[in-house]
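Structure, as structure tokens:
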Protein chains: 2
Amino acid sequence: MPTPARTSLDAIVTAGRAILEAEGLPGLTMHRVADAVGVRPPSLYKRVSNRAALVRLIAEAAFDDLGQALERAATHGEPQADLHAIAVAFRAFARTQPQAYGLLFGPLPDDWRPDPAAYRRSLDVLLRVVGEVATLGRELEAARTVTAWAHGFVSMELAGAFRLGGDVDRAFAFGNERVVAAISERG
Amino acid sequence: MPTPARTSLDAIVTAGRAILEAEGLPGLTMHRVADAVGVRPPSLYKRVSNRAALVRLIAEAAFDDLGQALERAATHGEPQADLHAIAVAFRAFARTQPQAYGLLFGPLPDDWRPDPAAYRRSLDVLLRVVGEVATLGRELEAARTVTAWAHGFVSMELAGAFRLGGDVDRAFAFGNERVVAAISERG
DNA sequence: ACCTGAACACCGTTCAAGT
DNA sequence: ACCTGAACACCGTTCAAGT
């Protein structure tokens, strides 16, 4: 005799994201998630094969959010302006979901890492806009330079690496301007 | 009646670093470290207040290594050449100790983070060399731009974010050249 | 002074048994 | 078909008892 489902994959991932942001990765336990969705820990394994898979699903959901935020930022019609806005949106996203952001490019065991296709999708806008300004044949290198700078800046900021003085907002604006110019054909 | 010390803080940190690189952060357990230094887990707490403190000590030791590697790279006398070499050394370090590198600027709980003074020291060379080429008053912003790019590139590479095609070495060389030029007064 | 065994609270995960 | 309690192996950490 079937028992009615008492939760869903969606509810589990949503609860997991909330717990992750509130308590950090160590706080994201199967017990805690089970509690949040009103079920016993073993029941989670009906929807998710293990904790690594849950973390992966959460990261992939965050990648979707990021991709949408970047898309919304690229609406100026002018590539340089779009690139600046994309970088700003990237940083804003990281500040809204700092813990989830840490899963996107952070140092994780192999089987915790999100599907590569997820970040490819989320960074697609960037590759497209960079393609409009970069030297022919250098589009991929140029996109990787911008992404690396943006991720590096944001992750170091979140890690507290910029707490030794100076105006961090100014440093971001400086880097944004210089890096975008540097990868553009007509610097 | 005193018992002779059977291990030391140094042995613990050294063993911890080896275990970290071999098995990753989840494999760095107090039990595993105790085994490696020939002692029972509770004895570790005589030298180290908890696992977070051990991770911090390991990260700080890695920061020392990094600082030395960067110092050794900056011996050209010509700032632009030094900057390129520093970035190359930075990447080489991350590849030699990928797990420890992940602790330096990675997303960690607050009480796991290395002392800010540690990375300040390790990145001191960079600030000094950047100071020789950057626009007056923009030295800190310029240094943060280079560091952000280098860390971003290296961490994304380690995270497997650059596995979708293209020549990663070429992308690194491209970014290195463009970013160094971008923060220099006379681009 | 340092080391240990025993113990506690807490994990992730499996599985037989329930409905 | 989904849920649960019980169980297992494994953590970090504390502490009284040993030398």
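Here is the naming used below: chain letters follow the sequence lines, and residue numbers restart at 1 for every chain.
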* Between B/Met30 (CE) and C/dT4 (C1'), how many Å, whole number? -> 16 Å
* How does DNA chain C look in dot-bracket form if you count Watson-Crick and G-U pairs under 3.5 Å, write [ ] for pairs that cross, and put | where a base pairs with another strand? -> ||.|||||...|||||.||
* Candidate nucleotides D/dG18, C/dG5, D/dT13, ranked by approach to the side chain of B/Thr3 - the nearest -> D/dG18
* Asked: Can you check the A/Arg6 CZ to D/dC3 P distance for me, whole Å?
  -> 6 Å
* To do: Check the distance between D/dC10's P and B/Leu28's CG and give it to me in whole angstrom.
  => 17 Å
* What residues in residues 42-62 of chain B put a non-hydrogen atom under 4.0 Å from any atom of DNA chain D? -> B/Pro42, B/Tyr45, B/Asn50, B/Arg51
* Asked: B/His31 side chain N/O closer than 4.0 Å to the phosphate oxygens (OP1, OP2) of D/dG12?
  -> yes
* To do: Kindly say whether the aromatic ring centers of B/Phe172 and B/Trp149 come within a distance under 6.0 Å.
  => yes
* Pairs involving residues 20-32 of chain A, ordered by first then second residue, that meet salt bridge (charged side-chain N to carboxylate O under 4.0 Å, His left out) (sequence neighbours left out) -> A/Glu23-A/Arg32
* **Whole-Å distance separating the CD atom of A/Glu23 from the P atom of C/dC10** => 14 Å
* Asked: Between A/His151 and A/Tyr101, is the ring centre distance below 6.0 Å?
  -> yes
* Hey, is A/Arg51 close enough to A/Asp111 for a salt bridge, meaning N to O under 4.0 Å? -> no
* Just compare C/dT13, D/dC3, C/dC2 and give me whichever is closest to any side-chain atom of B/Ala5. => C/dC2
* Asked: Under 6.0 Å between the ring centres of A/Phe63 and A/Phe93?
  -> no
* Please determine if A/Arg138 and A/Glu141 form a salt bridge, counting it only when a charged side-chain N lies under 4.0 Å from a carboxylate O. => yes
* To do: Tell me whether the OP1 or OP2 atom of C/dC2 has a side-chain N or O from B/Arg40 closer than 4.0 Å.
  => no
* When you check the gap from the basic side-chain N to the acidic O, do B/Asp169 and B/Arg91 get nearer than 4.0 Å? -> yes
* How long is the line joining CZ of A/Arg32 and P of C/dT13, in whole Å? -> 18 Å
* Donor + acceptor pair across side chains of B/Gln99, B/Arg17 (<3.5 Å) -> no
* **Of B/Thr7, B/Asp10, B/Val13, the residue whose pairing with B/Val37 passes side chain to side chain contact (heavy atoms under 4.5 Å, CB included)** => B/Thr7
